[in-house]
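Worksheet: one structure, shown below.
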Amino acid sequence: MRNQLLRLLPSVDEVLRCDQMNEALASYPRSVVVDAIREALAAERMAILSEDTLVAGEGGKPACLERVVLKTIAAATRSVRPNLRRVINATGVVLHTNLGRAPLAEQARHAVSDVVANYSNLELDLETGRRGSRYAPLEKLLTTLTGAEAALVVNNNAAAVLLALSTMARGQEVIVSRGQLVEIGGSFRIPEVMAQSGARLIEVGATNKTYPDDYRRAISQDTALLLHVHTSNYRIVGFTRETTVGELVELGREFKLPVVSDLGSGFLIDLSRYGLPWEPTVQATVGAGTDIVTFSGDKLLGGAQAGIIIGKRVYIDKMKKNPLTRAIRIDKMTVAALEATLRLYLDEEQALGGIPTLKMLTVPLEQLRQKASQLAVFLREVAGSRARVELEEGLSAVGGGAMPTAALPTAVVVVQPGKSSAGELQEALRRGEPAVMGRVQEDKLLLDVRTIADGEFQLLAGAFAKALQ
Ligand SMILES: *Cc1c(COP(=O)(O)O)cnc(C)c1O
């Protein structure tokens, strides 16, 4: 029986000759369609071998032809679809590293699209007609916004730390507290970045307590700088004592050593007014007298992936001349996105209203409740009797290795499908078009509206309808 069924499988040519294939052949390259047919036939063969019985052929036609055609079209559509594509973030995690961290402000998106579709003055000073620096527009904005003397921007903050250490401490010693030997994520750790820079790490203090005297005792003629790493993605609580940036600056002055602060997330507006934990702003860290401060462009700042380095001109000038800078330089898309984002920060209200990350972090709970009830209306209409859709209160996270203890009260739409499990619905949504990422808790699917844009409700409802089938 199985052999008979296998013999009934159509050939690639037979499938190609089907009328239903004309549209696929007109839309996709022939090679894509042929690969898709092979894939569909292989799936069919597997199904037969695993004893999935087939209906016998009618009128001499193999019964599976129809199915192979449908599978071929689905496979061809999948294979031409871009791999990197939009996802609706319903997790409530504002800076989700797996989901691309910060979405850009509208002004930043426009700036990128204008610059990539045309030529630009990336390295040309239009006033003088001479060669210009790609960093100039960013440096101007960053020094204005932070009060630092000079600035440089590289590919990401890991690269920023690498460049700072390599320029200022190669072959020398860098003193860091044992409480600040951070793993950034993806197994990149401060001690490894340090080793790569050619600087020697001198650990001082204990995990929970490090005093200024611990640094003082470790200072030698080989010391190049004192490093402070903001423990952005974890907290040490309880019996603790951290040597503050201010205390390090005092020590640095006493021994004529520069102080470098890796702020990690780094942000320009104090968000504690909006119920978020207090953290030192970039301006405060510069104001404390640090020599160099580094932070990410796509964490709380809400811009493009970048590592921002600001501080004393003598060090920044040296970094600009380090050959490593060329290897980790930013491209024009980053310059455009970052310049537009930083411009918004010139007016705090514009920043809070226009930068999606800040908007999502500061949106009032009442607004989230309204948003959730609107989404619930959409989803109930789609679900009918196939799922229960309810409203609940929940908690969102900042994410992206920032403010790890913050739990922001939010409103969530809770879905309980009738026929499938919440996990199955979650998977169907993840594999759908567009993909939707939600959370499962106690066999319910939670959709946190904090990270869903208003304009995405219709799209989400469409994806939800398909997932419920
Ligand atoms: C996130 C982080 C980094 C790395 O920043 P990227 O921009 O992701 O490279 C470095 N240091 C600290 C403390 C961080 O939190």
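Atoms within a ligand are numbered from 1 in the order they appear, just like the ligands themselves. Computed from heavy atoms alone, side chains included, the values below leave out hydrogens, waters and symmetry copies.
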Legend entry - CA sep, side-chain torsions, deciding dist, call: Ser396, Arg450, side-chain hydrogen bond (donor to acceptor under 3.5 Å, both in side chains): CA-CA 8 Å; Ser396 337; Arg450 182 184 296 275; 2.7 Å; yes
Legend entry - Test item: side-chain donor near acceptor, Ser177 and Thr210, under 3.5 Å: yes
Legend entry - Residue-ligand contact Asp262/ligand 1, heavy atom below 4.0 Å: yes
Inset, instruction - Give the residue, atom name and distance (to 0.1 Å) of the protein heavy atom nearest atom 10 (C) of ligand 1. - result: Asn157 ND2, 3.2 Å
Legend entry - Side-chain donor-acceptor contact under 3.5 Å, Thr334 with Asp331: yes
Legend entry - atom 9 (O) of ligand 1: nearest protein contact (heavy atom, Å): Ala158 N, 2.9 Å
Inset, instruction - Specify side chain, backbone, both or neither for His230, according to which of its non-hydrogen atoms lie closer than 4.0 Å to ligand 1. - result: backbone
Inset, instruction - Give the numbers and elements of all ligand 1 atoms closer than 4.0 Å to a heavy atom of Arg101. - result: 6 (P), 7 (O), 8 (O)
Inset, instruction - Could you please spell out the steps behind the side-chain hydrogen bond (donor to acceptor under 3.5 Å, both in side chains) verdict for Glu279 and His230? - result: CA-CA 10 Å; Glu279 295 218 3; His230 184 53; 2.7 Å; yes
Inset, instruction - Please could you name the atoms of ligand 1 that Lys299 approaches to less than 4.0 Å, counting only its heavy atoms? - result: 1 (C), 2 (C), 3 (C), 5 (O), 14 (C), 15 (O)
Legend entry - Flag for Asn208-Thr240: side-chain donor and acceptor within less than 3.5 Å: no
Inset, instruction - With atom 7 (O) of ligand 1 as the reference point, say which of Gly264, Ala160, Ser296, Ala159 has the nearest heavy atom. - result: Ser296
Inset, instruction - Please state whether Gln305 comes within less than 4.0 angstrom of ligand 1, counting heavy atoms only. - result: no
Legend entry - Lys209 NZ/CZ over Phe239 ring centroid, <6.0 Å and within 45° of normal: yes
